S.K.: 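One structure, pasted below without further comment.
Computed from a prediction, not measured in an experiment: that's the story for all the values here.
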Amino acid sequence: MPTTPHSGIYYEIHGKGTPLFLGFPIMASFADIFGPNAGDIAKHYIEKLSDHYAVLLMDYPSIGKSKDIPTAELTIDRVIDDYISVFDHAKFDRFIYWGYSWGAAVGLQLASRIPARLSALIIGGWPPLG
């Protein structure tokens with residue numbers, strides 16, 4: 001089970017090709033968290049994308065197979081550090097980021113902090129302005 005030594009975050013990589021990170025709400029343990037019927041959502045993403053992309057999914061701390069962290073430690077700086085530790089451990093030096101809702105907000109933070117590592121940013125479900 002691949003986990004980052006720094007944060008204890010569980011992640012999986014499916015396929016080969018251009019690095020693509022599928023962020024929240026798609027998670028590595030999606031089926032375990034939401035049940036087998038909902039788990040088909042992550043499976044379908046992987047099936048459609050893994051022919052052309054190295055698809056990285058992770059379980060953020062306190063979710064799925066990742067270790068728990070105290071709620072008080074859930075700051076944006078911690079989130080960004082944790083995500084970067086996963087990208088580094090998975091050897092995702094430059095990649096496409098996809099996120100929805102909370103995952104979109106994290107994507108915007110990453111784009112403002114590590115823009116050289118993102119080759120594309122795909123976000124939805126969260127108004128970045130206003």
S.K.: Has R78 got a side-chain atom pairing as donor or acceptor with E73's backbone, closer than 3.5 angstrom?
M.R.: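 Answer holds: no.
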S.K.: Quick one: do W98 and I26 satisfy side chain to side chain contact (heavy atoms under 4.5 Å, CB included)? Show the steps, please.
M.R.: CA-CA 10 Å; W98 178 95; I26 308 299; 3.7 Å; yes
S.K.: Using every non-hydrogen atom in the two residues, find where I13 and A90 come nearest and quote the distance to one decimal.
M.R.: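 Between these two residues, the closest heavy atoms are CD1-CB, 3.8 Å.
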S.K.: Report the C-alpha separation of L22 and L49 in whole Å, then their side-chain angles, then the decisive distance to 0.1 Å, and conclude whether the side chain to side chain contact (heavy atoms under 4.5 Å, CB included) test is met.
M.R.: CA-CA 10 Å; L22 288 183; L49 296 168; 4.1 Å; yes
S.K.: Please work out which of the three classes, parallel, tilted or perpendicular, describes the rings of F87 and Y83, given edges at 30° and 60°.
M.R.: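 Because their plane-to-plane angle is over 60°, the rings of Y83 and F87 count as perpendicular.
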S.K.: Sub-3.5 Å donor-acceptor pair from the side chain of S101 to the main-chain atoms of G125, do we have one?
M.R.: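 No, the answer is negative, given that no donor and acceptor are paired below the 3.5 Å cut-off.
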S.K.: Which distance, rounded to the nearest 0.5 Å, do you find between the CE of M27 and the CD1 of I41?
M.R.: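 It is 10.0 Å, given to the nearest 0.5 Å.
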S.K.: For G124 versus A104, what's the shortest heavy-atom pair and its separation?
M.R.: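 Scanning both residues, the minimum pair turns out to be O-CB, 3.5 Å.
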S.K.: Using the test side chain to side chain contact (heavy atoms under 4.5 Å, CB included), find all partners of A120 that sit at least two apart in sequence or belong to another chain.
M.R.: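 Partners of A120 by the side chain to side chain contact (heavy atoms under 4.5 Å, CB included) criterion, ordered by chain and then number, come out as I96.
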S.K.: What's the verdict on side chain to side chain contact (heavy atoms under 4.5 Å, CB included) for T75 and V79, showing C-alpha distance, side-chain angles and the deciding distance?
M.R.: CA-CA 6 Å; T75 65; V79 171; over 6 Å; no
S.K.: Does the R117 side chain pair with the main chain of D93, one donor and one acceptor, at a distance under 3.5 Å?
M.R.: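 Checked: pair present.
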S.K.: If a pair satisfies salt bridge (charged side-chain N to carboxylate O under 4.0 Å, His left out) and one of its residues is in residues 102-116, list it, with sequence neighbours excluded.
M.R.: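 Every pair satisfying salt bridge (charged side-chain N to carboxylate O under 4.0 Å, His left out) with a residue in residues 102-116: D77-R113.
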S.K.: If you compare all heavy atoms of P25 against all heavy atoms of F30, which two are closest, and at what distance to 0.1 Å?
M.R.: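 P25 and F30 have their closest heavy atoms at O-CE1, 3.0 Å.
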S.K.: Search all heavy atoms of R94 against all heavy atoms of A116 and return the closest pair with its distance.
M.R.: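 Looks like NH1-O, 2.6 Å.
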S.K.: First locate atom OG of S112, then atom CD1 of I80, and finally report the distance between them rounded to the nearest 0.5 Å.
M.R.: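 Between atom OG of S112 and atom CD1 of I80 there are 7.0 Å.
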S.K.: For Y97, what residues pass the ring-ring contact (aromatic ring centres under 6.0 Å, His included) criterion, not counting sequence neighbours?
M.R.: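 With neighbours one apart ignored, the set is F21.
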S.K.: Please list, one pair per line, the donor and acceptor atoms closer than 3.5 Å that link side chains of residues 52-64 to other protein atoms, with sequence neighbours excluded.
M.R.:
residue, atom, partner, partner atom, Å
D59, OD1, A28, N, 3.1
D59, OD1, S29, N, 2.9
D59, OD2, S29, OG, 2.5
D59, OD2, K65, N, 2.9
Y60, OH, D82, OD2, 2.8
S62, OG, I69, N, 3.0
S62, OG, I69, O, 3.4

